[in-house]
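Numbering of ligands and ligand atoms starts at 1, following listing order. The first residue in the sequence is number 1, and the count goes up from there.
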Amino acid sequence: MTPPPTKVLLAEDEMPTRWYNVLHDLPTPPPPVLHPGTGEPVGPDDLAALFPIDLIMQEVSSDQYVDIPEEVQEVYRLWRPSPLYRAHRLEKALDTPARIYYKYEGVSPAGSHKPNTAVPQAFYNAKAGIRKLTTETGAGQWGTALAFACAQYGLECEVWQVRASYDQKPYRRVMIETFGGTVHPSPSDLTEAGRAILAAHPDSTGSLGIAISEAVEVAAKDPAVNYSLGSVLNHVLMHQTVIGEEALLQLAKVGETPDLLVGCTGGGSNFAGLAFPFLRERWAGRMNPVVRAVEPSACPSLTQGTYAYDFGDTAGMTPLMKMHTLGHDFVPDPIHAGGLRYHGMSPLISHLYESKELEAIAKPQSECFAAGVLFARTEGILPAPEPTHALAAAIEEANRCKETGEEKVILTALCGHGHLDLAAYDAYLSGQVEDHDWSDTNTQAAVAEALRHLPAPAH
Ligand SMILES: Cc1ncc(COP(=O)(O)O)c(C=O)c1O
């Protein structure tokens, strides 16, 4: 008898040619994005200083599908379709009756899911005649992805890398520079937003919110420069749905339907990319998976944040989004999963969480590193610190299945490898990783203070 496969692969001509737009199928529409000055819903003109028209139209579109341009598909084919793995060796180590599958996005040029949206964002900006893109990066994955994407279409790329990450991961800077980008640690003295933070906190470890303020400020001042965001926004989540669309085809090839989907959430894009096509199938009555987001307990926006209008950045330059937030000026502890250190959550994920279409849990980083090490020792892939959160939750469920005897099918997004996160593993292996969690009264006090600064929209 042939053993069940370890890798489920798709041919290049099976790669999805359309992105899925969840807005079309939402049981209830999400609250609008508001202009901070007027309190009115923002229109395309309000976004034109930062984004090209194609992306603005995608942001507000309610079409169910958007065609992926051929020029984008060509670049996607460098690594897509990505493999789906059955985690036989992890299952065996856990002695679980559960069947665990992981969709591996670490095969991309950056080593994560981020190029799935970096490539179309660079493409549409180049098409609009833009010269340069600015951005933030937390894990370094997004900055790498955008630098790679800009190189494909002849754009310049300038990246503000969160200070904690800049110090922990010097090789991310080298990788961004190799692709042709420039990198600054954030907060920097190159922007008003950065100088204001440095004046108040000279030793600031930075945050995604601060780095976003710096990148937005530079883009807003120059019509030839646009800003690019690696998560949170509707069009970003939509670009990531290639992950879930492929996973659906791959699971069908082995005759499986998932009982549980788990993914880590920073701004929500890899999780949404995996989950949204499966939610569509659930709403159509074709399957009924539980969908579970996993966030770090040091930055638990979904499970402990307030559902309110807030800025996407620290300095308060972006439109107001209704989302689960810890307050735009909350600076999370410098945990190793830098990509999960964001004060808010994508409005679409927040809306689905409020509508009880998905669940969320928070995990401390030591449990996640333990899961990452077990995964590396069994499956041979060293995961980025961010998806170790999803792995910890998958392992937790598989252990529950061992107790109950349930043969659940668990699907998780292994959204990136950790080959440039070895300093984090070194810290863990030498016993130097601390847990910063919600039980820490300092964290709670910092969030309570940040929530006092929430903006008050006119509505
Ligand atoms: C490897 C990796 N995973 C997850 C994330 C979190 O982002 P998102 O929730 O948008 O997938 C990041 C962000 O930088 C990342 O680099």
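Residues meeting the salt bridge (charged side-chain N to carboxylate O under 4.0 Å, His left out) test with Glu59, sequence neighbours left out: none. Evaluation of the salt bridge (charged side-chain N to carboxylate O under 4.0 Å, His left out) rule for Arg99 yields Glu256, Glu407 as partners, not counting sequence neighbours.
Aromatic pair Tyr20/Tyr65: ring centres closer than 6.0 Å. Two rings, from Phe369 and His336, have their centers less than 6.0 Å apart.
Side-chain contact of Tyr101 with Gln250: a donor-acceptor pair under 3.5 Å is absent, judged by distance alone.
Sorted by first and then second residue, the pairs that involve residues 372-389 and meet side chain to side chain donor-acceptor pair (under 3.5 Å), not counting sequence neighbours, are Tyr102-Glu379.
Every protein residue with a heavy atom nearer than 4.0 Å to ligand 1 is included here: His113, Lys114, Ala139, Gln141, Ser231, Cys264, Thr265, Gly266, Gly267, Gly268, Ser269, Asn270, Gly339, Leu340, Glu386, Cys415.
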